[in-house]
Amino acid sequence: MAAGLWRLWRRSALPRAGCGLGGIGRAEAGAERLAERLRAERSGKRSEEIPKDPAQRRVRELAMLSKRLQQVHPNVLAKVLKQGTVYQNEEIVVINKPYGLPVHGGPGVKNCIADVLPILAKMLENMKAEPLHLCHRLDKETTGVMVLARSREVADRIRLLFKTRQVEKIYWAIIVGEPDPAEGVVEIPIIEKEVQSHQPHYKMTLAPNYRLSPEDGKVVKIRKNRDAECAVTQYRLLACSSACSLLELKPITGVKHQIRVHLAYGLGCPVLGDHKYSHWSKLAPQKLPEITLKRLKLEQSKARHLPLHLHAHRLSLPLGQWIDLVCKPPLFFQKTLQRLQLDIAKD
């Protein structure tokens, strides 16, 4: 009985008739493929089907950009920033900040701009160069003009210029919807609050000083929240199409996430790709109009990969004389303008 079971097991274990040694080779190849797939899954690198559409490929690539920037060697990151240098003199260095790169470190952040400033200084000058100094900050997902100082004294001067509102900042943003009116000022204080939901989290939000009276609809002044910060943003419509708009924005103050909050909650027109401020009570991908999805050749289920379309386009500051600094929007921003047919009128 035992011998019969042994022969049965051997027959089931060996390749079937007609497979021969080739069957063994195919079995080994299959096992190798299975092992590779399991290894990939264990390392979190499960292979996904590459989208055929170029727009979706760009969205996927950009979604991975921040992750890749956290994996490169600091010297490589410093070289990327050097290539993005748009202006420099004996006092400042100006870079075009890439998408997905945080300015400061924090939990889960391996690479940030602050950490590679000593390396960048040596690449720009020589091995004895002093580390560069941060003068202001941009959000991780925001691109564009960023000023670095060659000395602590110059950095302090520039920080004071920002604090006293002597620096003119111009941003470009692609937003969902069209603002009404087309040009104006949003002047509503901002405060950080905890959102009570199935996934509690913190967001910046509006803390207005006025409300409408339920009795007669008149504007009534209310008690100011002591923790709220004054926030003022000028805006101007540059183009609109495909249920989206291109805005020029001039933040007068510098509150955290000011532009994003004023656009989303003040004007009801969130920045394209701003999944954090497109909803208040939940963390969810931005819901986009059908015409927008069609022009972007994007499915709503893939909208979570859409990047934030907010760019620090221009910065002017008085350092002896007025220095006017301009950075073109990144390629993904330009491609979105083309696909949404947001043509900027020539002045």
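These numbers come from a predicted model, not from an experiment.
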Check your understanding: With clusters built from Ile, Leu, Val, Met, Phe, Trp and Tyr whose side-chain heavy atoms come within less than 4.5 Å, directly or transitively, what are the remaining members of the cluster of Met123, listed by chain and number?
Key ->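 Hydrophobic cluster check, Met123: joined to Ile119.
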Exercise for review: Supply the members, apart from Val232, of the Ile/Leu/Val/Met/Phe/Trp/Tyr cluster built from side-chain contacts under 4.5 Å; use none for a lone residue.
Suggested key: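 Traced through the cluster, Val232 reaches Val185, Ile252.
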Practice item. Would you please say whether a donor-acceptor pair under 3.5 Å links the side chains of Thr253 and Glu229? Key: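 No.
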Do [X] and [Y] make a side-chain contact, defined as non-hydrogen atoms from C-beta onward lying under 4.5 Å apart?
X	Y	result
Leu267	Tyr235	yes
Leu319	Asn89	no
Leu246	Leu340	no
Lys276	Lys203	yes
Pro318	Leu161	yes
Leu117	Leu134	yes
Leu238	Leu247	no
Gln286	Val176	yes

Exercise for review: I would like to know whether Leu272 and Ile175 meet side-chain contact (heavy atoms from CB on, under 4.5 Å); could you show each step before the answer?
Suggested key: CA-CA 5 Å; Leu272 182 67; Ile175 63 171; over 6 Å; no
How would you list, by chain and number, every residue that makes a side chain to side chain contact (heavy atoms under 4.5 Å, CB included) with [X], sequence neighbours excluded?
X	value
His313	Trp172, His311, Val326
Cys240	Glu178, Leu237, Ser245
His73	Asn75, Val76

Exercise for review: Give a yes or no on whether a salt bridge exists between Glu168 and Arg314, defined as a side-chain N under 4.0 angstrom from a carboxylate O.
Suggested key: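 No.
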Practice item. For the pair Arg260 and Asp139, find out whether any cationic side-chain nitrogen is under 4.0 Å from an anionic carboxylate oxygen. Key: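 Result for this pair is yes, salt bridge flagged.
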Practice item. Determine which pairs satisfy ring-ring contact (aromatic ring centres under 6.0 Å, His included) with at least one residue from residues 121-160, sequence neighbours left out, and list them in order. Key: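 Only His136-Phe162 qualify under ring-ring contact (aromatic ring centres under 6.0 Å, His included).
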Review point. Can you pull the ring-ring contact (aromatic ring centres under 6.0 Å, His included) pairs that have at least one residue in residues 138-161, sequence neighbours excluded?
Key: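 Non-adjacent pairs meeting ring-ring contact (aromatic ring centres under 6.0 Å, His included): zero.
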Checking [X] side chain against [Y] main chain: does a donor-acceptor pair fall under 3.5 Å?
X	Y	answer
Lys193	Tyr202	no
Thr85	Lys82	yes
Thr142	Leu138	no
Lys97	Leu101	yes
Gln334	Pro329	yes
Asn111	Val72	yes

**Study point:** Counterpart residues, ring-ring contact (aromatic ring centres under 6.0 Å, His included), relative to His309 (two or more places apart)
**Key:**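 ring-ring contact (aromatic ring centres under 6.0 Å, His included) list for His309, sorted by chain: Phe332, Phe333.
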Atom of [X], atom of [Y] and distance for their closest heavy-atom approach:
X	Y	value
Pro285	Arg304	CG-CB, 3.7 Å
Cys269	Gly177	SG-C, 4.1 Å
Ile259	Pro251	CD1-CG, 4.1 Å
Gly105	Cys112	N-SG, 3.4 Å
Leu249	Ala173	CD1-CB, 3.5 Å
Cys327	Val145	SG-CG2, 3.6 Å

Say you draw a straight line from [atom1] of [X] to [atom2] of [Y]; how long is it, rounded to the nearest 0.5 Å?
X	Y	atom1	atom2	value
Tyr171	Leu263	OH	CG	12.0 Å
Ile188	Thr233	CD1	OG1	9.5 Å
Arg339	Ile174	CZ	CD1	12.5 Å
His275	Lys282	NE2	NZ	13.5 Å
Leu77	Leu120	CG	CG	9.0 Å
Gln258	Cys230	CD	SG	8.5 Å

Review point. With Arg137, which residues qualify under side chain to side chain donor-acceptor pair (under 3.5 Å), at least two apart?
Key: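 Applying side chain to side chain donor-acceptor pair (under 3.5 Å) to Arg137 gives none.
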Point to revise | Qualifying residues under side chain to side chain donor-acceptor pair (under 3.5 Å), relative to His257, sequence neighbours excluded | key: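 Side chain to side chain donor-acceptor pair (under 3.5 Å) check on His257 returns Tyr277.
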Exercise for review: Using the test salt bridge (Lys or Arg N to Asp or Glu O under 4.0 Å), find all partners of Glu153 that sit at least two apart in sequence or belong to another chain.
Suggested key: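 Partners of Glu153 under the salt bridge (Lys or Arg N to Asp or Glu O under 4.0 Å) test: none.
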**Study point:** Verdict with supporting geometry, Glu183 and Arg236, salt bridge (Lys or Arg N to Asp or Glu O under 4.0 Å)
**Key:** CA-CA 4 Å; Glu183 184 173 350; Arg236 180 169 70 97; 5.2 Å; no
**Study point:** Residue among Glu125, Glu130, Glu90 satisfying side chain to side chain donor-acceptor pair (under 3.5 Å) with Arg150
**Key:**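 Looking at Glu125, Glu130, Glu90, the match for Arg150 under the side chain to side chain donor-acceptor pair (under 3.5 Å) is Glu125.
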Hydrophobic clustering (ILVMFWY, side-chain heavy atoms < 4.5 Å, transitive) - are [Y] and [X] grouped together?
X	Y	value
Ile95	Leu315	no
Val167	Leu325	yes
Val116	Val103	yes

Exercise for review: Step by step, work out the side-chain contact (heavy atoms from CB on, under 4.5 Å) result for Ile158 and Val147.
Suggested key: CA-CA 9 Å; Ile158 294 175; Val147 180; 4.0 Å; yes
Practice item. Tell me, with the steps shown, if Ile113 and His104 meet side-chain contact (heavy atoms from CB on, under 4.5 Å). Key: CA-CA 7 Å; Ile113 291 177; His104 297 284; over 6 Å; no
Review point. Should Gln88 and Val94 be marked as a side-chain contact (heavy atoms from CB on, under 4.5 Å) after you check the CA-CA gap, both sets of side-chain angles, and the distance that decides it?
Key: CA-CA 6 Å; Gln88 56 180 311; Val94 181; over 6 Å; no
Could you list the donor-acceptor pairs under 3.5 angstrom formed by side chains in residues 287-296, with sequence neighbours left out?
{"from": "Thr292", "atom 1": "OG1", "to": "Ser242", "atom 2": "O", "distance (Å)": "2.8"}
{"from": "Arg295", "atom 1": "NH1", "to": "Ser242", "atom 2": "OG", "distance (Å)": "2.4"}

